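One structure is given here, and the rest of the page talks about it.
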Amino acid sequence: MILIAGVLAAPLAACGGDGDSASSGSGNSGDDKIVLGFSQVGAESGWRTANTKSIQDSAKEAGIELKFSDAQQKQENQIKAIRSFIQQKVDVIAFSPVVESGWDTVLKEAKDAGIPVILTDRAVDSPDTSLYKSFIGSDFVVEGERAGDWLVKEYAGKTEPVNIVELQGTTGSAPANDRKKGFADKIAAAPNLKIIASQTGDFTRAKGKEVMEAFLKAHSDIDVLYAHNDDMGLGAIEAIEGAGKKPGVDIKIITVDAVKDGMQALADGKINFIVECSPLLGPQLMELVKKVKAGEAVEARILTNETTFTQEQAKAALPTRQY
Ligand code: AHR
């Protein structure tokens, strides 16, 4: 008995949250409350913090019991959390996969246990789509394309070389793969736009700063920075200022997310263009959870509505920005 209890409790070491956090014992508390096990990527960015809040607030509002687990950007922690949710017999499992590959085994375990799974924010690359009920989130390829489109227009009619450096998101994650692809596809239309360096900044401010410092040391002729999220862009701004250059002027900056800090930097002229990626997935997720639990059919793919912001648009949007 002691051994079994130890095995069940071990995966929960990675769990955290707001008091709703995962705990041992039966998932279904006996009343009619739906129990949702949610495995979050981590707390790497302002976007992620807003996403976690949206999920926790919406669960409360919907009367859904949330078992929340923070994977600290590690796939093995997410797999442990999902196994723990299966052991606890939660009603529904939702998660935002840190990377795209390597989920088939654990998703099959959930399916065999009869627990429906919903993907939020990020996709998995499994060809077996019966392993999950729905995927709710952004189209990251389109986000990359929007960033590329803006840059092509910005340099339209010019033929001199434009040197671009790229700060990629977490290696192997859907947003890093797709934002890179969408951007590259669009700038291919203008052969003078060239990516001269591209490296991961792991979606964090600290890593964005560190990698940008290295880029600046290696290249004296950087014209543009494309960062896969605001946080890396904000870290890079510190590096650019530290090198005595003016962000937004000496080096043009494009980022993705549109969280408040990013929007403020855009309004201040330090960023030139932001592609929005909405973290407010909670309300739609809770609706899906209820439908899935009731055995109703749900859409296989639910796309988030998003826009883009110029410096002027950021000034207008900032006062009412929610996150
Ligand atoms: O998956 C969404 C991405 O993850 C956000 O753009 C980024 O900020 C976050 O870390």
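Both counts, for ligands and for their atoms, begin at 1 and track the order of listing. These numbers come from a predicted model, not from an experiment. In what follows, every heavy atom counts, from backbone to side chain, and hydrogens, waters and symmetry copies are set aside.
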Point to revise | Heavy atoms from other residues, nucleotides or ligands near CG of N305 exceed 12 (cutoff 6.0 Å) | key: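 No - once you tally the heavy atoms of other residues, nucleotides and ligands closer than 6.0 Å, there are 12 at most.
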**Study point:** NZ (K252) with more than 12 external heavy atoms under 6.0 Å
**Key:**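 Atom NZ in K252 is crowded, with more than 12 foreign heavy atoms closer than 6.0 Å.
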Point to revise | Nearest-neighbour protein heavy atom for atom 10 (O) of ligand 1, which is reported as residue plus atom name and distance | key: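 Answer for atom 10 (O) of ligand 1: E44 OE2, 2.4 Å.
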Does at least one non-hydrogen atom of [X] fall below 4.0 angstrom from an atom of ligand 1?
| X | answer |
| --- | --- |
| D121 | yes |
| R179 | yes |
| D231 | no |

Distance filter under 4.0 Å to [X] heavy atoms, resulting ligand 1 atoms:
| X | result |
| --- | --- |
| R122 | 1 (O), 3 (C), 4 (O), 9 (C), 10 (O) |
| P175 | 1 (O) |
| S45 | 7 (C), 8 (O), 9 (C), 10 (O) |

Practice item. Report yes if some N/O of H228 lies less than 3.5 Å from some N/O of ligand 1; otherwise report no. Key: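 No - when backbone and side-chain N and O of H228 are compared with those of ligand 1, no distance drops under 3.5 Å.
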Check your understanding: Any N/O of D257 closer than 3.5 Å to an N/O of ligand 1?
Key ->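 Min N/O separation from ligand 1 is below 3.5 Å for D257.
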Practice item. Measure the spacing between CG of N177 and CD of E100 and express it to the nearest 0.5 Å. Key: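 Here the rounded value is 5.0 Å.
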**Study point:** Under-4.0 Å salt bridge between R179 and E143
**Key:**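 Between E143 and R179 there is a salt bridge, with a charged N closer than 4.0 Å to a carboxylate O.
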[X] side chain to [Y] side chain, donor-acceptor N/O pair below 3.5 angstrom:
| X | Y | value |
| --- | --- | --- |
| D104 | S126 | yes |
| S96 | D121 | yes |
| Q40 | N51 | yes |

